[in-house]
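Input: a single structure, listed below in structure tokens.
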Amino acid sequence: MLLSKLLLPTLKDSPQEAEVISHKLMLRAGMIKKVASGIYTWLPLGLKVLRNIENIVREEMDASGAQEVFMPMVQPKELWEETQRWDKMGPELLRIKDRHDRDFCLGPTHEEVITDIIRNNVKSYKELPLNLYQIQTKFRDEVRPRYGIMRGREFLMKDAYSFNMDEESLQETYLAMREAYKTILERIGLEFKISAADSGAIGGDSSEEFHVLADNGEDTIAVSDSSEFAINTELLLKEGEDIQSLEGNPSPDGKGTIQIKKGIEVGHIFKLGKIYADDMKANVLNKEGKASTLYMGCYGIGVSRLVAAAIEQNNDERGIIWPHNIAPFDINIIAIGYDKNEEIASASQNLYKELTQMGYDVLLDDRKDGYGTKMKDSELIGIPLNIIIGKQYLENKEIELKSRNGDSSTNPISDIKTILDFFKDK
RNA sequence: CGGGAUGUGGCGCAGCUUGGUAGCGCACUACGCUGGGGGUGUAGUGGUCGUCGGUUCAAAUCCGACCAUCCCGACCA
């Protein structure tokens, strides 16, 4: 991609609407544009990151045996009445009417729709277990949207729903999802904790949250400093615990001591049990030929929220530092004097072609600007590796490799192997 | 919904106290110089001053209502 052709409206000053670092950087890096409170357009650069995360999520969900579906965003009132949620849910459920005055809502979640599909299409225990997922836009009319994409009203979510014959089967699917989530977050490259959580309004037996640790997180979690153990302090507060006094205590799992940290909830897995299946009469015939109510689980990942969470955890005073697996581009070729010097232009074009053929997603900064402007933008948008081609190339056919982490080296332009090495150990 | 604040070109801001018909920096356009850390010269483009109403000869400025946005709280699979 030629940078001169890319819609990339970077900003020097952050708009006053932004408070937290991820929001500021997403606006400054030209990733998003606000349309209304909590509602954003994803610009090309932001969308690339969003898609990268989405693809990792999709790959791991498929690998876990789940199947992808795509459900409607607009859902009829009747389904929501079956679970009484049409009345139970507050104004965060955005209700709308069609031209025939029929009631609908914008889907904040999809238990009703998916359960309706299963009860109509699955009749035998032989067809189970099933785990269906989608990656789709959700709408929740939050009381107070904030922090940009982190808590928007419209957001992208991966939601999966499993249907099992019994608790043992549900437990198996639940653990498979737990593992898939760990792999997803590891692949994205984020530091996270898994905490026991309040299962809240969605109900159900038990649930765990996946938290990305970050100072601007909305949740306060008690974590062990030397194990995976964590617990959402919401639960502890309900039990009357004094949160601050827990800091420094031995961890309940016997490993390390407790620290109070801020986390961003990016995933939540639930064992729902029979609650929705009971309400919606979702049952199949068991081995004895008797109707048996299904056990359900649901498993969510905030895909768009992960973009913000990744930035919260990976930035410096110059901008974003993308983990390699989700970076919008792998390499930025910073061509100094591209518009004036034939040699620079053709050398950078050749390099671009070569790297692209090798499978890298490459950006070529062919703009008329100087080194400073180009580097500042590249650092702001967080490209992992910069290749600078300028004076040193003209003098002795050398280029400089400069990573976003600060490593740099000067190499002959023919030494592409060095570039490969840069990515190998990441 | 309670508390606080803000709304002036794409972004950041000044002007408002003391009314006189809109300005600065960045960005943007053209041309030149420059070309390894947001460089520079000349000439330009772009604004119903959130909206509606009121006061006044005259409103970005004073008054009122409303709207939008942000922060804290309550809320939240």
Side-chain angles (χ1 to χ4, degrees), chain A residues 7-20 23-24 27-30 33-39 43 83 85 88-93 107-112 138 140-148 150-153 155 157-161 197-204 206-210 216 218-219 232 234 265-272 275-276 296-302 305 318-319 334-341 344 365 367-380 386-395 398-400 402 408 410:
Chain A
L7 177 62
L8 182 68
T10 58
L11 299 170
K12 268 190 202 176
D13 304 305
S14 37
Q16 74 177 170
E17 72 189 52
E19 184 74 11
V20 300
H23 190 193
K24 285 182 179 170
L27 291 169
R28 287 190 53 209
K33 176 81 179 84
K34 184 173 69 181
V35 175
S37 180
I39 299 175
L43 298 175
T83 56
R85 289 210 288 184
K88 276 187 195 162
M89 291 194 80
E92 68 271 16
L93 183 68
T109 180
H110 282 71
E111 282 84 6
E112 283 80 1
K138 294 279 189 282
R140 292 180 193 172
D141 199 358
E142 296 281 354
V143 182
R144 184 147 90 88
R146 60 185 131 178
Y147 306 152
M150 190 119 82
R151 187 175 200 78
R153 292 192 288 176
F155 57 98
M157 177 176 218
K158 186 285 301 175
D159 46 328
Y161 305 87
D198 188 343
S199 43
I202 202 161
S206 64
S207 77
E208 288 174 296
E209 292 170 344
F210 290 71
N216 285 322
E218 290 188 273
D219 290 274
N232 195 316
E234 276 175 36
E265 182 193 346
V266 297
H268 204 155
I269 54 178
F270 294 83
K271 279 190 259 182
L272 294 173
I275 48 174
Y276 291 101
M296 281 179 68
C298 76
Y299 319 94
I301 287 184
R305 183 179 279 181
R318 294 180 174 187
I334 300 202
I336 302 162
Y338 183 96
D339 60 310
K340 283 274 179 66
N341 190 302
I344 295 286
D365 195 342
R367 294 177 301 177
K368 217 172 171 173
D369 302 281
Y371 176 77
T373 304
K374 294 186 178 189
M375 273 311 293
K376 290 284 185 196
D377 270 344
S378 191
E379 286 165 338
L380 175 62
N386 294 291
I387 299 178
I388 299 134
I389 173 161
K391 203 173 285 175
Q392 291 175 350
Y393 174 76
L394 295 177
E395 284 164 6
E398 285 182 337
I399 53 175
E400 185 187 347
K402 196 168 181 175
S408 71
T410 302

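Chain naming here is simple, since letters A, B, ... match the order of the sequence lines and numbering starts at 1 in each. What you see is a predicted model, and the numbers here were worked out from it, not measured in a lab.
Checking A:Ile388 against A:Arg153, the closest nucleotide of RNA chain B that is more toward the 5' end is the one next to A:Ile388. In terms of position on RNA chain B, the residue among A:Lys34 and A:Glu218 whose nearest nucleotide sits closer to the 5' end is A:Lys34.
When all heavy atoms of A:Thr83 and A:Tyr276 are compared, the pair lying nearest together is CG2-CD2, 3.7 Å. The two atoms that bring A:Ala335 and A:Ile344 nearest to each other are CB-CG2, 4.1 Å, heavy atoms only. The two residues A:Pro145 and A:Ser37 make their nearest non-hydrogen contact at CG-OG, 3.5 Å.
Not counting sequence neighbours, the partners of A:Lys138 by the salt bridge (charged side-chain N to carboxylate O under 4.0 Å, His left out) test are A:Asp159. Applying the salt bridge (charged side-chain N to carboxylate O under 4.0 Å, His left out) rule to A:Arg146 yields the partners A:Glu218; only residues at least two apart in sequence or on another chain are considered.
For the P atoms, the distance linking B:rC49 with B:rA5 amounts to 25 Å, nearest Å. Only the P atoms considered, B:rG50 is 24 Å distant from B:rG3, to the nearest whole Å. One C1' atom belongs to B:rA14, the other to B:rU6, and the distance between them is 15 Å to the nearest Å. The same atom, C1', is picked in B:rG25 and in B:rC70; the two are 24 Å apart, to the nearest Å. B:rG12 and B:rG47 have their C1' atoms separated by 16 Å, given to the nearest Å. Comparing B:rG23 with B:rA60, their P atoms are spaced 13 Å from each other, to the whole Å. Of the P atoms belonging to B:rG41 and B:rG46, the separation is 23 Å, rounded to the nearest Å. Nucleotides B:rC67 and B:rG9 are separated by 22 Å at their P atoms, to the nearest Å.
When heavy atoms are screened at a 4.0 angstrom cut-off, A:Pro108 is found touching base atoms of the nucleic acid. Across all strands, A:Lys138 comes closer than 4.0 Å to base atoms (heavy-atom distances). The residue A:Glu17 sits close only to the backbone: its heavy atoms come under 4.0 Å of sugar-phosphate atoms, none of a base. A:Asn341 comes within 4.0 angstrom of nothing in the nucleic acid, heavy atoms only. In this structure, A:Asp369 reaches the bases: a heavy-atom distance under 4.0 Å links it to at least one base atom across the strands shown. At the heavy-atom level, A:Asn386 lies nowhere under 4.0 Å from the strands shown. The residue A:Tyr147 sits close only to the backbone: its heavy atoms come under 4.0 Å of sugar-phosphate atoms, none of a base.
Taking atom NZ of A:Lys33 as the reference point, atom C1' of B:rG10 lies 8 Å away to the nearest angstrom. Counting to the nearest Å, the P atom of B:rG73 and the CD atom of A:Glu142 are 15 Å from each other. The separation between A:Arg367 atom CZ and B:rG37 atom P is 16 Å, rounded to whole Å. One interatomic measurement links the two molecules: CD of A:Glu92 to C1' of B:rA74, which rounds to 13 Å at whole-angstrom precision. Spacing between atom NE2 of A:His23 and atom C1' of B:rU69 amounts to 11 Å, rounded to whole angstrom units. Taking atom CD1 of residue A:Ile336 and atom C1' of nucleotide B:rG39, one finds them 14 Å apart after rounding to whole Å. If you take NZ of A:Lys374 and C1' of B:rG39, they are 14 Å apart, rounded to a whole angstrom. When the C1' atom of B:rG37 is taken as reference, atom CG of A:Leu380 falls 14 Å away, rounded to whole Å.
Counting only heavy atoms from C-beta on, A:Lys340 has its side chain closest to B:rG35 among B:rG37, B:rG35, B:rC70. Taking only side-chain atoms of A:Arg146, from C-beta outward, the nucleotide of B:rC71, B:rU69, B:rG37 with the closest atom is B:rC71. Counting only heavy atoms from C-beta on, A:Asp13 has its side chain closest to B:rG12 among B:rU69, B:rG73, B:rG12. Closest to the A:Arg144 side chain, of the nucleotides B:rG12, B:rG73, B:rC26, is B:rG73. Ranking B:rC13, B:rG37, B:rA27 by closeness to the A:Lys376 side chain, first place goes to B:rG37. Closest to the side chain of A:Leu11, out of B:rC11, B:rG35, B:rG38, is B:rC11. Nearest nucleotide to the side chain of A:Lys368, out of B:rG35, B:rG38, B:rC75: B:rG35. Considering only side-chain atoms of A:Tyr371, the nucleotide from B:rG38, B:rG37, B:rG12 that sits closest is B:rG37.
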Practice problem: Report the secondary structure of RNA chain B in dot-bracket form, marking unpaired bases with a dot and bases paired to a different strand with |, and treating Watson-Crick or G-U pairs with both distances under 3.5 Å as paired. | Solution: ((((((((.[[[[.)....(..]]]].((((((.....)))))).....[[[[[..)....]]]]])))))))....
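Counting heavy atoms from C-beta outward, A:Leu93 and A:Pro108 have side chains that approach closer than 4.5 Å. A heavy-atom distance below 4.5 Å is found between the side chains of A:Glu111 and A:Leu272. Looking at A:Arg305 and A:Phe155, their side chains never come closer than 4.5 Å, going by heavy atoms from C-beta outward. For the pair A:Thr109 and A:Arg85, the minimum side-chain heavy-atom distance is below 4.5 Å.
Residue side chain A:Glu379 reaches the base of B:rG37 through a donor-acceptor N/O pair under 3.5 Å, judged by distance alone.
A:Glu398 and A:Thr410 share no donor-acceptor pair across their side chains, judged by distance under 3.5 Å alone.
Between A:Ser14 and the phosphate of B:rC11, there is no side-chain N or O to OP1/OP2 separation shorter than 4.0 Å. Using a 4.0 Å cut-off, no side-chain N or O of A:Gln16 falls inside it from OP1 or OP2 of B:rA5.
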